[in-house]
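Because the structure is predicted, anything quoted here is derived from the model rather than measured.
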Amino acid sequence: QVQLVESGGGLVQAGGSLRISCAVSGRTFSSSVMGWFRQAAGREREFVATITWSAGNTYYADSVKGRFTISRDNVENTVYLQMNSLKPEDTAVYYCAAGYGLSSNFKNYLYWGQGTQVTVSS
């Protein structure tokens, strides 16, 4: 069983930066990729970024490309999302997820964290 715990969310002004983290336990052979998704109030869950544990291959949503960076620490079993040049439209609950295959489809992800709120003020 994989357990995911997000942290690091908060309130930041537009143009600012924030890094959120996802601590992973029970990872061994349970997933090949980690992803970040977000869900704004009244909207569907949206793919943000994903990364493979092994090679560190990444894939981003067009809306965050060039502003967000996903990374992982294989020793600490932690995945990060560095968010720069934040915009009010980035406001959402951010979820990390563990799954298989470098994909933007939430159905590829089997395990989910509880989410962390990121609010960007204008």
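Annotation: side-chain contact (heavy atoms from CB on, under 4.5 Å) contacts of A55 (sequence neighbours excluded): T52, N57. Remark: R67 pairs with D90 by the side chain to side chain donor-acceptor pair (under 3.5 Å) rule, at least two apart or across chains. Remark: Q114 engages E6 in a side chain to side chain donor-acceptor pair (under 3.5 Å) (not counting sequence neighbours). The salt bridge (Lys or Arg N to Asp or Glu O under 4.0 Å) check on E46 picks up R38, with sequence neighbours excluded. K65 meets the side chain to side chain donor-acceptor pair (under 3.5 Å) test with D62; sequence neighbours excluded.
For residues 45-107, the pairs satisfying disulfide (SG to SG under 2.5 Å) are C22-C96, with sequence neighbours left out. A disulfide (SG to SG under 2.5 Å) check over residues 58-93, counting only residues at least two apart or in different chains, returns nothing. The disulfide (SG to SG under 2.5 Å) pairs that include a residue from residues 62-92 number zero, where partners must be two or more places apart or lie in different chains. Sorted by first then second residue, the salt bridge (charged side-chain N to carboxylate O under 4.0 Å, His left out) pairs that include residues 96-113, not counting sequence neighbours, number zero.
At a threshold of 4.5 Å between non-hydrogen side-chain atoms, the residues W53 and V24 count as touching.
Here the OH-CD1 distance, from Y60 to I70, works out to 6.5 Å after rounding to the nearest 0.5 Å. Considering OH of Y94 and CD1 of I20, their distance stands at 7.0 Å, rounded to 0.5 Å. Here the CD-CG distance, from E76 to N74, works out to 10.5 Å after rounding to the nearest 0.5 Å.
Nearest heavy-atom pair across A98 and V2 is CB-CG1, 4.2 Å. S21 and T78 make their closest contact through CB-CG2, 4.2 Å (heavy atoms, listed as atom of the first residue, atom of the second, distance).
With N108 contributing its side chain and G99 its backbone, the two residues share no donor-acceptor pair below 3.5 Å.
No continuous path of ILVMFWY side-chain contacts below 4.5 Å connects L110 to V5, so the two sit in separate hydrophobic clusters. Under the 4.5 Å side-chain contact rule for hydrophobic residues, M34 and Y100 share a cluster.
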Show me the donor-acceptor pairs, under 3.5 Å and distance only, between side chains in residues 79-86 and residues at least two apart or in other chains.
| from | atom 1 | to | atom 2 | distance (Å) |
| --- | --- | --- | --- | --- |
| Q82 | NE2 | N84 | OD1 | 2.9 |
| N84 | OD1 | S17 | OG | 2.9 |

Side chains of residues 115-122: which donor-acceptor partners sit under 3.5 Å, not counting sequence neighbours?
| from | atom 1 | to | atom 2 | distance (Å) |
| --- | --- | --- | --- | --- |
| T116 | OG1 | G9 | N | 3.2 |
| Q117 | NE2 | A92 | O | 3.4 |
| Q117 | NE2 | T119 | OG1 | 3.3 |

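Other residues sharing the hydrophobic cluster of Y59, ordered by chain and number and joined by side-chain separations under 4.5 Å: V33, F37, F47, V93, Y95, L102, F106, Y109, W112.
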